[in-house]
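In what follows, every heavy atom counts, from backbone to side chain, and hydrogens, waters and symmetry copies are set aside. Numbers here are sequence positions counted from 1. We count ligands from 1, going down the list as the structure has it; atoms in each ligand are counted the same way.
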Amino acid sequence: MVKSAYPSIHTPDAPSAAMPAVPNPRRLMSQFNIAFSLMSIIPLLICCYLITVKFFTINVLQGLNGFYFLLAVVIALLGLLVGRVVIREIFQRLVETNTKLDRLNRMQAHFVNNVAHEFRTPLTIVKGALDNLNDGLHGALAQEQTEPVEMCRREINRLRRLVDDLLDIAHIESGKIKLSQEEVVLQELLSSISQLFTGLLKEHGLTLTMDVLEAPARVTADRDRLHQVFVNLFNNAMKFTPQGGLTLRLRREGQMYRIELEDTGRGIAEEDLDRIFDKFERVGSQESEGSGLGLPIARDIVELHHGRLWAESMLGQGSRFIIQLPASAS
Ligand code: ADP
């Protein structure tokens with residue numbers, strides 16, 4: 001059984017799935033100027049304090065004392081001026097680099113989107129033709145032909161899934177994804193998903209334990225997208241659990257619902273826990289197929305619903321994926 005004290009990786013409190021907009025560089029520069037001017041007042045105030053409060057008299061500025069005082073003020077002002085120029089330059093470079101990175105990110109998302117689109121149509125055509133061959137639409141296949149046709153169908157399906165994942169990522173990152181807003185009862189969604197996996201779980205000799213809240217757990221969400229998230233988590237749990245089983249829990253925590261999918265599988269090393277939500281990251285031995293895009297997409301979708309998705313795990317003992325979603329205001 002999986003222990004409860006897993007190391008965990010948490011998402012930030014106010015997550016945002018879509019690419020964050022880069023702040024206006026001009027606004028940033030004026031904010032910097034204001035901040036620096038305010039900082040520069042400090043030595044001036046210290047001077048005023050020394051003269052008016054500490055020594056009570058302007059006489060303190062006479063003679064050698066006054067010379068040293070003036071020298072100190074000049075040096076402080078020069079330091080401020082030089083410091084301002086240097087910091088301003090560094091700041092400006094950071095703003096420029098940030099803007100460039102943002103542009104590159106958008107170009108990359110655009111490129112991935114275009115390429116994936118271009119791949120999709122021919123893949124659909126090839127898949128249709130292979131399905132027809134397999135269904136005997138062009139005559140019965142000889143025994144030695146069935147295996148290569150089946151292999152091609154498997155690979156085409158894998159490629160289709162990859163292309164769909166790439167399109168999803170591109171849509172999410174460019175902020176183009178549109179979520180529908182329906183009332184979803186989590187118990188219904190989770191039970192339909194568990195039914196979907198009943199056959200496969202049996203085939204793999206795995207059990208599924210449901211520990212689900214009774215009162216209807218209503219959330220406002222895009223049903224299909226949430227379905228996609230849970231299917232991905234179930235698929236992973238099954239892929240990486242050679243024996244034992246899965247446990248699905250649903251609880252209410254204040255204004256949020258907490259859904260946990262726990263498995264008794266191979267687990268994830270602590271140092272890998274934060275990486276598995278990055279694009280194309282796959283950890284541990286990779287004998288199973290996968291693109292490394294499922295979890296980043298799942299996290300993005302959950303965050304677009306103002307929720308959180310994170311993992312807790314212990315190597316060799318199992319993993320737990322936790323989703324928090326805001327309850328509908330009823
Ligand atoms: P993939 O298509 O490779 O499954 P994901 O983004 O869904 O891509 O998962 C990324 C990686 O996270 C997986 O390759 C695997 O190394 C790890 N992982 C995900 N879920 C589990 C799990 N339940 N148990 C162990 N490792 C997992």
Interfacing atoms of ligand 1 (cut-off 4.0 Å, heavy-atom, Lys239): 1 (P), 2 (O), 4 (O)

Is there a donor-acceptor pair under 3.5 Å between the side chain of Gln187 and the backbone N or O of Leu213? yes

Looking only at side chains, do Arg258 and Gln324 share a donor and an acceptor under 3.5 Å apart? no

Where does Asn232 meet ligand 1, judged by heavy-atom distances below 4.0 Å: at the side chain, the backbone, both, or neither? side chain

Identify, by atom number and element, the atoms of ligand 1 in contact range of Phe321, meaning under 4.0 Å from any of its heavy atoms. 20 (N), 21 (C), 22 (C), 23 (N)

Check ligand 1 against Pro296 and write out every atom of the ligand that is under 4.0 Å from a heavy-atom position of the residue. 6 (O)

SB check Arg158 Glu155 (cutoff 4.0 Å): yes

Pull out every atom of ligand 1 sitting under 4.0 Å from any heavy atom of Glu281, numbered as shown with elements. 10 (C), 11 (C)

In this structure, does ligand 1 have an atom that sits under 4.0 Å from one of the heavy atoms of Ser313? no

Looking only at N/O atoms, are Gly292 and ligand 1 under 3.5 Å apart anywhere? yes

When you look for heavy atoms under 4.0 Å from ligand 1, do you find them on the side chain of Arg266, its backbone, both, or neither? side chain

To atom 2 (O) of ligand 1, the nearest of Ser291, Ala237, Gly267 on a heavy-atom basis is Ser291

Test: ring-ring contact (aromatic ring centres under 6.0 Å, His included). Region: residues 181-214. Which pairs qualify, not counting sequence neighbours? Phe197-Phe234

Is any side-chain heavy atom of Leu293 closer than 4.5 Å to a side-chain heavy atom of Leu166? yes

Who gets closest to atom 27 (C) of ligand 1 by heavy atom: Phe240, Phe234, Phe277? Phe240

Quick one: does Ser319 get within less than 4.0 Å of ligand 1, heavy atoms only? yes

Co-members of Leu78 in a cluster of I, L, V, M, F, W and Y side chains, linked at under 4.5 Å: Val74

Within a distance under 4.0 Å of any heavy atom of Leu293, pick out the atoms of ligand 1 and give their elements. 6 (O), 8 (O)

Between Thr209 and Leu246, is any pair of side-chain heavy atoms under 4.5 Å apart? no

Between the side chains of Thr124 and Arg160, does any donor sit under 3.5 Å from an acceptor? yes

Any N or O on Ile268 sitting closer than 3.5 Å to an N or O of ligand 1? no

Strictly distance-based, threshold 3.5 Å: is any side-chain N or O of Glu89 a donor or acceptor partner for the main-chain N or O of Val86? no

Please check if any side-chain donor atom of Thr264 sits under 3.5 Å from a side-chain acceptor atom of Thr241, or the reverse. no

If we set the cut-off at 4.0 Å for heavy atoms, which region of Asp263 has an atom near ligand 1: side chain, backbone, both, or neither? side chain

Where the closest heavy atom to atom 16 (O) of ligand 1 is concerned, which of Asn236, Leu273, Val283 has it? Val283

